[in-house]
There are 2 protein chains.
Amino acid sequence: MRNTQATIRDIAIKLNISISTVSRALRGAPDVNQETKKAVLEMAEKLNYEPNRVAQSLRIKRTNTLGIIVPEISLHFFSSAISGMQEEAAQHGYSIMICQSLESFETEKQNVHMLAANRVDGLLISMSSETKDVAHIQSLINKNIPVVLFDRVSDALPVAKVVVDDHDGAFKATEHLIQTGCRRIAYIGGPLTFYISNQRKRGYLDALLHHNIIPDEQLIVHCHELHTEPLEQVKRLLSLPKTQQPDALFCLNDPIAVPVLQLLKEKNIRVPEEISVVGFTNEPVSAFIEPSLTTVSQPSHEMGKKAIELFLEQSHDLDNFTPVTATMKTTLLVRNSTRKV
Amino acid sequence: MRNTQATIRDIAIKLNISISTVSRALRGAPDVNQETKKAVLEMAEKLNYEPNRVAQSLRIKRTNTLGIIVPEISLHFFSSAISGMQEEAAQHGYSIMICQSLESFETEKQNVHMLAANRVDGLLISMSSETKDVAHIQSLINKNIPVVLFDRVSDALPVAKVVVDDHDGAFKATEHLIQTGCRRIAYIGGPLTFYISNQRKRGYLDALLHHNIIPDEQLIVHCHELHTEPLEQVKRLLSLPKTQQPDALFCLNDPIAVPVLQLLKEKNIRVPEEISVVGFTNEPVSAFIEPSLTTVSQPSHEMGKKAIELFLEQSHDLDNFTPVTATMKTTLLVRNSTRKV
DNA sequence: GTGAAAGCGCTAACAA
DNA sequence: TTGTTAGCGCTTTCAC
């Protein structure tokens with residue numbers, strides 16, 4: 001935005017007509033003389049005219065831009081979801097502006113402010129694991145900006161959501177562990193305030209109870225931080241007295257399960273013979289790691305598309321909006337990190 | 001952008017002062033009475049004021065937004081580069097707007113137009129493999145918008161670039177194959193007009209010549225499309241008469257090499273005993289696939305950061321700009337898809 | 001230290 | 001069918 005970009009005014013002057021006529025012609029309004037329109041379009045081409053969306057946005061009070069916040073772009077689940085959003089959004093004339101919270105609540109708040117300042121027409125967010133207070137998001141909602149939560153959602157927000165059935169996915173995963181003979185199944189989860197972690201934990205607990213296994217509090221760990229703490233916790237579990245050690249690890253997600261698998265390999269603990277491991281998400285590496293990781297897959301690309309669809313529905317009909325939750329299917333992918341039935 | 005967002009005007013009225021004073025106070029101008037400033041800031045807080053970047057942008061003719069175009073967000077190399085850009089950009093007050101070309105020239109052109117319409121302050125682009133004509137990018141340059149190319153660059157554009165030494169990386173990879181006893185090394189590349197593919201091919205050819213191996217045209221393939229064609233081409237190579245078959249495959253990148261590895265596994269062709277495979281980029285899966293893939297790693301995150309740095313330098317000093325090319329180091333990661341020396 | 005006023009590029013009444 | 005005009009929210013001279 002710097003040099004001598006042509007404006008509708010330039011076109012108007014060259015053609016000796018008014019700027020409103022140019023504006024109309026450019027926007028393909030019906031009440032414009034065909035000749036005039038043709039001349040305008042040609043002149044626009046000639047002057048290399050490019051509409052100024054900034055000015056348009058200011059005037060029409062819509063930016064045709066959506067804000068997206070994810071914890072970490074480079075996690076495949078998120079980049080794949082973003083990819084789905086981007087494609088769907090582009091099809092409807094929306095551009096997207098992307099931020100990462102890097103799992104930091106403060107950064108997430110800043111991101112929200114920045115997107116609000118940019119007057120995005122909607123916000124699609126997957127919350128950081130640290131996020132507990134949702135006032136920053138609520139403030140957007142109060143300003144009538146449609147918000148769609150995906151994957152990392154919160155019960156405290158009455159908005160559209162795209163999730164998978166975390167409870168069900170976790171139940172299936174845990175049941176699979178039980179059916180393959182595991183009894184001391186540990187859950188490696190996130191912070192106590194982390195919604196999806198709690199959902200998955202509930203699925204895990206319900207599966208245990210359903211099979212008459214009494215949960216052992218010792219085997220349920222809540223990591224405050226998702227990068228290094230999980231490994232520490234697993235090491236701790238492995239150093240318990242033999243009889244108290246877990247025979248299976250159900251991890252909150254693949255980014256936790258994969259390093260765990262590597263740790264076990266380093267320690268020469270055989271998987272799945274001595275200990276089984278299950279993840280969640282189905283990151284691409286999970287299929288390739290040795291042994292390949294049994295995991296619960298989430299349809300990331302579709303979730304992204306769906307999130308945009310929910311935004312569109314809402315923005316078309318702002319008045320009578322009811323916060324729907326789209327629940328997508330998970331699939332248990334049985335691979336080689338768990339025993340055969 | 002819809003409801004009753006407070007404006008500086010609202011603040012001015014409430015405080016019974018002029019909007020210019022409010023503007024000054026908000027921007028922390030020096031010539032504002034401390035009392036006034038305090039009152040303004042408090043009122044802004046109270047009214048939940050959020051500056052309108054759209055209006056600011058229109059007025060100051062800068063958006064503080066950068067456009068990024070990549071072929072595919074969900075390829076780890078790109079999401080990781082974007083992540084680096086995002087972090088660096090955020091530190092300097094820039095937001096980013098992201099597009100995917102999906103390897104389509106037409107889409108890439110549309111992306112460029114959209115970003116131009118949004119008046120981004122700069123463009124960071126990794127070109128689609130289809131892109132041959134660079135007029136769309138040139139037109140931005142003509143409008144004085146700084147452009148930085150990264151990874152997928154073009155010689156035809158006199159702009160800042162961030163690349164790895166593709167020739168050197170390919171040379172090292174090919175030499176490694178030769179040193180481990182391979183003689184009939186195939187190159188699975190991209191379109192003839194694809195710059196990095198040609199660079200890598202040159203490195204490959206030079207390594208062969210350096211070791212007195214006469215290149216076999218039959219073993220050099222150029223895929224027009226990067227998703228399905230490479231596998232077809234490899235199948236073709238494998239169906240050649242025994243003596244003409246390759247004993248090594250040097251693939252343009254890991255997204256090609258990984259499926260190739262799977263194909264070979266399906267066909268029960270032992271890697272690296274019967275055939276060696278080398279990739280480029282170092283996608284995360286490459287370390288985990290069995291056998292793990294020997295590849296040339298690129299510092300994706302750093303390349304992203306560097307690209308932003310080059311943009312910043314250029315935007316600070318638009319007048320005397322010389323198009324630097326930052327060449328980053330590649331590392332040959334020898335893993336198990338190639339034989340031991 | 002503060003205010004009045006112009007204007008960034010565009011859209012959308014309203015008038016002609 | 002076209003032109004005139006006001007104004008979106010902000011910054012920035014220029015006065016005072």
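Proteins get letters first, then strands, A, B, ... in listed order; numbering begins at 1 in each.
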Revision key, fill the gap. Applying side-chain contact (heavy atoms from CB on, under 4.5 Å) to A12(A) and not counting sequence neighbours gives I19(A), V22(A)
Review point. Out of dC10(D), dT2(C), dC10(C), which has the shortest distance to the side chain of D31(B)?
Key: dT2(C)
Review point. What pairs meet the ring-ring contact (aromatic ring centres under 6.0 Å, His included) rule with one or both residues in residues 81-105 of chain B, with sequence neighbours excluded?
Key: Y94(B)-F311(B), F105(B)-H136(B)
Check your understanding: Are E42(A) and K46(A) ion-paired here, with the side-chain N under 4.0 Å from a carboxylate O?
Key -> no
Review point. Hey, is the main chain of F150(B) close enough, under 3.5 Å, to the side chain of S126(B) for a donor-acceptor pair?
Key: yes
Review point. Expressed in angstrom and rounded to an integer, what is the separation of L58(B) atom CG from dA6(C) atom P?
Key: 18 Å
Point to revise | Residue list, side chain to side chain donor-acceptor pair (under 3.5 Å) with R53(A), at least two apart or on another chain | key: S95(A)
Practice item. Check whether any side-chain N or O of K61(B) sits under 4.0 Å from OP1 or OP2 of dG9(C), and answer yes or no. Key: yes
Review point. Which whole-number value in Å describes the distance from L26(B) CG to dC10(D) P?
Key: 8 Å
Exercise for review: Calculate the interatomic distance between R62(B) atom CZ and dT12(D) atom C1'; express it in whole Å.
Suggested key: 15 Å
Exercise for review: Could you list by number each residue of residues 12-25 of chain B showing a heavy-atom separation from DNA chain C of less than 4.0 Å, or answer none if no residue does?
Suggested key: I17(B), S18(B), S20(B), T21(B), R24(B)
Check your understanding: Is there a side-chain polar atom (N or O) of R27(A) under 4.0 Å from OP1 or OP2 of dA12(C)?
Key -> yes
Check your understanding: Which ones in residues 33-40 of chain A lie close to DNA chain D, meaning a heavy atom under 4.0 Å from one of its atoms?
Key -> N33(A), T36(A)
Study note, to complete from the structure: From the candidates dG9(D), dA12(C), dC10(D), the one with an atom nearest any side-chain atom of Q56(B) is dC10(D)
Exercise for review: Mind calculating the distance between CZ (R9(B)) and C1' (dC8(D)) to the nearest angstrom?
Suggested key: 12 Å
Revision key, fill the gap. Of dT2(C), dC10(D), dC10(C), the nucleotide closest to the side chain of V32(B) is dT2(C)
Check your understanding: Which listed nucleotide (dC10(D), dA12(C), dC8(C)) is nearest to the side chain of I60(A)?
Key -> dA12(C)
Point to revise | K37(A) side chain to P30(A) backbone, donor-acceptor under 3.5 Å | key: no
Review point. Stems in DNA chain D: runs of 3 or more consecutive Watson-Crick or G-U pairs, distances under 3.5 Å?
Key: C:1-16 with D:1-16
Revision key, fill the gap. When rounded to whole Å, the CD1 to C1' distance for the pair I8(B) and dT12(D) reads 11 Å
Check your understanding: Could you give all pairs that pass the salt bridge (charged side-chain N to carboxylate O under 4.0 Å, His left out) test and reach residues 97-107 of chain B, with sequence neighbours left out?
Key -> E103(B)-R152(B), E106(B)-K109(B)
Exercise for review: Mind running a 4.0 Å heavy-atom check of residues 42-50 of chain B against DNA chain C and sending the residues that fall below it, in number order?
Suggested key: none
Study note, to complete from the structure: Rounded to the nearest 0.5 angstrom, the CD1-CD distance for I82(A) and E87(A) is 12.0 Å
Practice item. Identify, with sequence neighbours excluded, every residue that meets salt bridge (charged side-chain N to carboxylate O under 4.0 Å, His left out) alongside E309(A). Key: K306(A)
Check your understanding: Please, which pairs that meet ring-ring contact (aromatic ring centres under 6.0 Å, His included) have at least one residue in residues 46-82 of chain B, sequence neighbours excluded?
Key -> none
Review point. Mind checking whether M97(B) and L66(B) have side chains closer than 4.5 Å, heavy atoms only?
Key: no
Exercise for review: Using a 4.5 Å cut-off on heavy atoms from C-beta on, say whether the side chain of T65(A) contacts that of D121(A).
Suggested key: no
Exercise for review: Apply side-chain contact (heavy atoms from CB on, under 4.5 Å) to Q138(B) and list each qualifying residue two or more places apart in sequence or on a separate chain.
Suggested key: I141(B), N142(B), L157(B), P158(B)
**Study point:** Length of the line joining Q5(A):CD and dG9(C):P, which is rounded to integer Å
**Key:** 10 Å
Review point. Can you check the N118(A) CG to dC10(D) C1' distance for me, whole Å?
Key: 14 Å
Study note, to complete from the structure: Residues passing the side chain to side chain donor-acceptor pair (under 3.5 Å) test with S79(B), sequence neighbours excluded, are none
